[in-house]
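Notes to accompany the following structure.
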Amino acid sequence: MKKVMQAVTTPDNLNAAWRWFRNDRTVWQRGMRRAEMEPHKVRHILTLQQDLTENRFKPDEVRRFTLKQANGKERELATLTLKDKIAQRALLQVLTPHFERRFHPDSFGYRPGRNVDMAFARARVNLTEGRRYLVHTDIKSFFDEVPHPQLKQLLRQHIKDRKALALLFRWLDLHATRPASWWRCARGIPQGGILSPLLGNLYLDQLDQTLQLHGIRFVRYADDVLLMCSSPKTLQRAATVLRKCLKRMGLRMNPTKTRIGEVAKGQQYLGKTLPHQVFGKVS
């Protein structure tokens, strides 16, 4: 992709990004509330446009907080300033059509026009076709574990606009969940970042393409992965391919959320019950 920033900074694109957050009350930037910015919003957005055009946009640090989930576990989320949200949204609007043309049709999470019901329907079709042996897992701490060197290399392969890459890398470096140190590379994209779902799907597209190359049927919803096979033998081969591919990507399956075997009665997928075979029929 060339001339990305030229498309990002058009008045129509920035206006669409601004309208997306018209009811968002986040601070405009550190030290400036939205209420202070509102009387001069045209000037601030024009300044944002110029900063993006001239490659001098400086992201703010994210504010991280912990959300307690219904199951009692805690999940760390991050919030961006409104200025960063608008800049990321403007970039997302340009990048999404390009990457959507590449992404695998059996990937459903965080993609326009796709949802949980569609993912479940695809899984149901695979079951009715006899693929009843499953590897169901999710990727352990996926958003926190995405390695930056590999993700940056992927971005370089697809985006040839140096200003766009520089901007993306600034966000990645500043917002890393686990900053780089002398013994490890930087890791993680913030849950709550506008670009994070797209970047996550881009990284996991490597997994999708590997599974397809090996002839393995699958359904993926974000980091929730379901492999579907027709026999115990192909199931074990699929599980091995999955483990090896994730290892190459610097990721691993969550052992507490992994089930390998024939579909069980009452087994859930994305909050819905998978059909179960009884006397040769699917119920």
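Sequence positions, counted from 1, serve as the residue numbers for this chain.
Pro149 and Ala186 get closest at one heavy-atom pair: CD-O, 4.0 Å. When all heavy atoms are compared, the tightest approach of Pro179 to Arg184 is O-NE, 3.8 Å. Shortest non-hydrogen contact noted between Glu129 and Arg131 is OE1-NH1, 2.6 Å.
When each of Arg220, Arg102, Arg101 is checked for a salt bridge (Lys or Arg N to Asp or Glu O under 4.0 Å) with Asp205, only Arg102 meets the rule. Between Asp24 and the choices Arg34, Lys85, Arg19, the salt bridge (Lys or Arg N to Asp or Glu O under 4.0 Å) rule is met once, by Lys85.
A distance of 14.0 Å separates CD of Gln50 from CZ of Phe57, quoted to the nearest 0.5 Å. The structure places CZ of Arg56 at 10.0 Å from CG of Leu52, a figure rounded to the nearest 0.5 Å. In this structure, CZ on Arg217 lies 10.0 Å from CD on Gln212, to the nearest 0.5 angstrom. We find the CG-CG distance between Asn254 and Asp138 to be 5.0 Å, quoted to the nearest 0.5 Å. For the atom pair Ile216 CD1 and Arg237 CZ, the distance stands at 5.0 Å (nearest 0.5 Å).
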Problem set entry | Derivation and outcome, side-chain contact (heavy atoms from CB on, under 4.5 Å), residues Leu242 and Leu227 | CA-CA 9 Å; Leu242 176 61; Leu227 310 188; 3.9 Å; yes

Problem set entry | Pair Tyr221-Val116, side-chain contact (heavy atoms from CB on, under 4.5 Å): steps then yes or no | CA-CA 8 Å; Tyr221 192 92; Val116 166; 3.7 Å; yes

For this session: Step by step, work out the side-chain contact (heavy atoms from CB on, under 4.5 Å) result for Ile189 and Thr177.
Result: CA-CA 6 Å; Ile189 48 181; Thr177 307; 5.9 Å; no

Problem set entry | Step-by-step side-chain contact (heavy atoms from CB on, under 4.5 Å) determination, Leu270 to Asp224 | CA-CA 8 Å; Leu270 300 175; Asp224 188 306; 4.0 Å; yes

For this session: Quick one: do Gln267 and Thr273 satisfy side chain to side chain donor-acceptor pair (under 3.5 Å)? Show the steps, please.
Result: CA-CA 6 Å; Gln267 186 170 343; Thr273 303; over 6 Å; no

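You'll find the side chain of Phe103 reaches within 4.5 Å of the side chain of Leu198, heavy atoms only. Using a 4.5 Å cut-off on side-chain heavy atoms (C-beta onward), His175 and Leu80 make contact. Using a 4.5 Å heavy-atom cutoff, the side chains of Trp171 and Leu91 are in contact. At least one side-chain heavy atom of Met228 sits under 4.5 Å from a side-chain heavy atom of Leu226. Inter-residue side-chain proximity for Arg111 and Asn201 is flagged as met; some heavy-atom pair is nearer than 4.5 Å. Leu48 places none of its side-chain heavy atoms less than 4.5 Å from the side chain of Thr9. In this structure the side chain of Cys229 never reaches within 4.5 angstrom of the side chain of Leu134, judged on heavy atoms. Arg252 places none of its side-chain heavy atoms less than 4.5 Å from the side chain of Leu246.
The aromatic rings of Phe218 and His104 are tilted relative to each other, their planes meeting at an angle between 30° and 60°. Between Trp18 and Trp28, the ring planes are perpendicular. Angles over 60° get that label, and only those under 30° would be called parallel.
Asp12 and Thr10 share no side-chain donor-acceptor pair at under 3.5 Å.
Electrostatic pairing of Arg170 and Asp84 does not count as a salt bridge here, judged by no charged N lying under 4.0 Å from a carboxylate O. Salt bridge annotation for Asp60-Arg30: absent, with no cationic side-chain nitrogen under 4.0 angstrom from a carboxylate oxygen. Ionic pairing of Lys163 and Glu54 is not present here: no N-O contact between side-chain nitrogen and carboxylate oxygen is shorter than 4.0 angstrom. With respect to Asp51 and Lys58, no salt bridge is recorded, no charged nitrogen being found less than 4.0 Å from a carboxylate O.
Taking the six-membered ring wherever Trp is involved, the centroid distance between the rings of His148 and Phe169 does not fall below 6.0 Å.
Around the NZ atom of Lys160, the shell of radius 6.0 Å holds more than 12 heavy atoms that belong to other residues, nucleotides or ligands. The local environment of CZ in Arg156 is crowded, with over 12 non-hydrogen atoms from other residues, nucleotides or ligands closer than 6.0 Å.
At distances below 3.5 Å, at least one donor-acceptor pair connects side-chain atoms of Arg187 with backbone N or O atoms of Glu145. Side-chain atoms of Thr81 do not come within 3.5 Å of backbone N or O of Val27 as any donor-acceptor pair.
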